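Here's the structure, in structure tokens; my notes come after.
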Amino acid sequence: MAVTLHHYLVIGAILFGLGLVGFLARRNLILMFLCAEMMLQGVAINFVAFARYRGNLQGQAFVLFILTVAACEAAIALALILMLYRRQGSLDVSLWQELREPDLDPTEDEEPLPPPPKPEPAPHLPPAGKEPLHRKQEKSHV
Amino acid sequence: MLPSIDPGITNSLLEFLPELVLVLGIVLMLLLRLVGSFNRSHLGGFSLTIGVIALFVSLLQALGEPGLKSVLEAVSLAESSVGKTILSLAQTPPPAQSQSMMFGGMLIYDQFTIFLRILLYVILVLVILLTMTTGIPDAEDSADFYCLLLGGTLGMVLMAASAHLLMVFLAIEMASLPSYALAGFLKGRRQSSEAALKYVVYGGGAAGIMLYGISLLAGKFGTGYLPELSISLAAAFVPSAEGIPFDPILILATLFLLIGIAFKLAAVPFHFWCPDVFEGAAAEVAGFLSVASKAAALALLARLTMFVGGLDPLTLTEPAKELPYLSIIRYLVPTLAVFAAITATFGNLAAYLQTNLKRLLAYSTIAHAGYMMMALCTLTRNGVDAMLFYLVAYLFMNLGAFAVVAYLRNQTRSEDLADFRGLVRRSPIMVVTLSVFLLSLLGIPPLVGFAAKFQVFAALFNDGQRYFELGEKGIGTTLLVLLLVGGVNTVLSAFYYLKVMKVMILDPRVEDLEGQEAQRYPEPIGASLYTGVLAVLVLLLGILWGPLVTWSQRTVDRFRVTPGKDRSMLVASAADVEAGGAGGVGRAALPKGKGNVKGKGGFDKGKKQ
């Protein structure tokens, strides 16, 4: 079966749709932004497919700019998420609803988030001076 | 062989000079912190200088064009010696072209761009002045703050000038990203962080959706260049024997693109971020976002709708040209009208319940975006003309209102309406100026808000009549209904604007009831001067609106780019020929569409395979 433009467009639409659903449904801040990035990847596939189909480079130029802008957006978003995490100690987005209509109660989800996993103990490092065990596979890099 | 550098690049750079000044300012401001003496000093004065230089350069450019010159002649300033020196200054530097494409067709340089550019730089200068008088940001953060402010303004100017879908996306992102950071600039306040979070989340989603629409649109027609897109869209809507062709993909694509702009505009189904962001961000930032961001988004919407609607259909005479655009307009006018009517009505209704003054003003800005969208619904030059006038009026009154909120925050440490009871006895200048701004926002006759509303309603009425004469009863009725909705909305808005004034002026405070002497808040001279000047401008423009109308009319007179001319380098046919020999996945399996301009074949053809 020949691979046509439509196969690419369908893949792009699926990626975009998955991203949109995840963006609307997720509560974890980082996952929300990953989903937004996935929407952009769907768009990028669309552009590349169209560029190939049309035989010009316009779509490719679009994709280059999309990647750049996505990187900028991710930088700002991650910096903000880091700040929010330091303040709240959690990535749950529903903790941030102080700003709302005056006559509206904060929304609470029916099923609360699972309790955060206990932090694993820091790895125990061997004291300096004792040579760690070498395994044979690690020696060859081929 | 590489193509030689476009000789137009020098022209483009000259036309782009004000923006280059801003870029230089941003870079300098970042580098200045390396110099010891500037490290901890407040950079407000420096950024103000940059803003004023950019404004001055763009004014000089505008003076070389017929638009602003007509204003000077209208006020007969040109006769006086001052006017003559200004005009003689303007004769020399800029290449006097009424319109051209900048940078290979990515940006348009025309009267509309010049008007919006001057407007945005005036906003920039006013906002910098405001921040210098209110004390946000402090000296340590000032370099970051002003870099973001200048960068955001740069993006907004590009939004107003973009002529290519790629540029539309880039400009929106350039305006949005600094705004996200500005919204969260008060790092110590929880609410500010929350505002930034909500802005970034909604903004990221809206950008993705808009981009998907752009990809479908540009892919279907094989070009993102707006003048060509306009022709292709019209061709796709030519009525055949079965009626107007219905293409779900095109509808979806334009809808997605509209969603992206509606988000920037805070039009109603996509307004959720606006009240929260405005409440959480500093009042200065909220003022900047409400005025500048909205102006840029409306300019972009005007640009797009005018291109899609065939650049004022009422002036076209040839029936062959008329038909395709009319069938697009039959879709476009009701869509925009529904958006505009819902936006204005919802904004006005929701504002009444608010207890926080900034939140109330946020809903008021949503409602005003609705009024300006109403003007754009006509898809005519009259409509764009009315919108431009409204933007100028809105700039002074809305920025003034937010400035008063910022000063009152400094005085009372509160933004809650309940804390402003009996304020007129404690802070009379602020209350009086705020009353002027609110009455102007409401549209009371001697103030500029009335003139602006009058322009919009007149455009709706006149163009409704003209559509009736053309035989388009549906569109005409839509516009007249919109006029009615606008009138009702003005009445609705009276309730909450007057409520604020009543609380401040009539409601007594507990201490007043007990008969204690009211203690006046200190009113800094800068604050009184700033709000006073803006209030006087609101009054003055409301009385003498002739020159401004002349300028906005001249602006839209030349609001036209001939489709097909000035073809960009991006769509050069040479690229097609070269790429044609490459072959590959797409080409091997699919026949190529007919050329790259008339997108009639393209996508649909592939579907049938």
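Model, not experiment: these values are computed from the prediction. Convention: sequence-line order gives letters A, B, ...; per-chain numbering from 1.
- Minimum interatomic distance between Arg87(A) and Gly188(B) (heavy atoms only, all atoms of both residues): NH2-O, 3.2 Å.
- The part of Leu20(A) that comes within reach of chain B is its side chain, from C-beta onward, which places non-hydrogen atoms under 4.5 angstrom from that chain.
- The candidate from Glu173(B), Glu279(B), Arg359(B) with the greatest count of non-hydrogen atom pairs under 4.5 Å with chain A is Arg359(B).
- If you measure heavy-atom distances from Phe256(B) to chain A, the contacts under 4.5 Å come from the side chain alone.
- Contacts of Leu29(A) with chain B are made by side-chain atoms alone, with heavy-atom separations under 4.5 Å and no backbone atom involved.
- Note that the CG atom of Leu353(B) and the CG atom of Leu104(A) stand 11.0 Å from one another [nearest 0.5 Å].
- Here OG of Ser215(B) is found 6.5 Å from CZ of Phe50(A). Values are rounded to the nearest 0.5 Å.
- Val201(B) approaches Phe23(A) most closely through the heavy-atom pair O-CZ, 3.0 Å.
- Interatomic distance, Arg189(B) CZ to Glu98(A) CD, rounded to the nearest 0.5 Å: 9.0 Å.
- What you find for Asn46(A) and Tyr212(B) is that their closest heavy atoms are ND2-CE1, 3.3 Å.
- A side-chain donor-acceptor contact under 3.5 Å links Gln354(B) and Glu101(A).
- Across Ala218(B) and Phe47(A), no two heavy atoms sit closer than the pair CB-CE2, 4.3 Å.
- Ring planes of Phe62(A) and His164(B): tilted class, angle from 30 to 60°.
- Remark: the backbone N or O of Asp276(B) is not paired with any side-chain donor or acceptor of Arg100(A) at under 3.5 angstrom.
- Residues Ala207(B) and Glu73(A) approach most closely at CB-OE2, 4.3 Å, considering heavy atoms.
- Contact tally against chain A (heavy-atom pairs below 4.5 Å) for Val200(B), Asn356(B), Val277(B): the top residue is Val200(B).
- Annotation for Thr355(B) and Pro102(A): closest pair OG1-CB, 4.0 Å, computed over non-hydrogen atoms.
- Here the CE-CG distance, from Met83(A) to Leu197(B), works out to 9.5 Å after rounding to the nearest 0.5 Å.
- No part of Phe272(B) comes within reach of chain A, as not one of its non-hydrogen atoms sits under 4.5 angstrom from that chain.
- Atoms CG and CH2, on Leu99(A) and Trp273(B) in that order, are 13.5 Å from each other to the nearest 0.5 Å.
- Arg190(B) places a side-chain heavy atom less than 4.5 Å from the side chain of Gln88(A).
- In this structure, chain B has heavy atoms under 4.5 Å from both the backbone and the side chain of Ala13(A).
- With a threshold of 4.5 angstrom between heavy atoms, Tyr363(B) approaches chain A through side-chain atoms but not through N, CA, C or O.
- Side-chain atoms of Phe65(A) and Leu170(B), non-hydrogen and from C-beta on, do get closer than 4.5 Å to each other.
- Once rounded to the nearest 0.5 Å, the distance linking CG of Leu95(A) with CD of Glu194(B) reads 10.0 Å.
- The greatest number of non-hydrogen atom pairs below 4.5 Å with chain B, out of Glu37(A), Gln97(A), His7(A), is found for Gln97(A).
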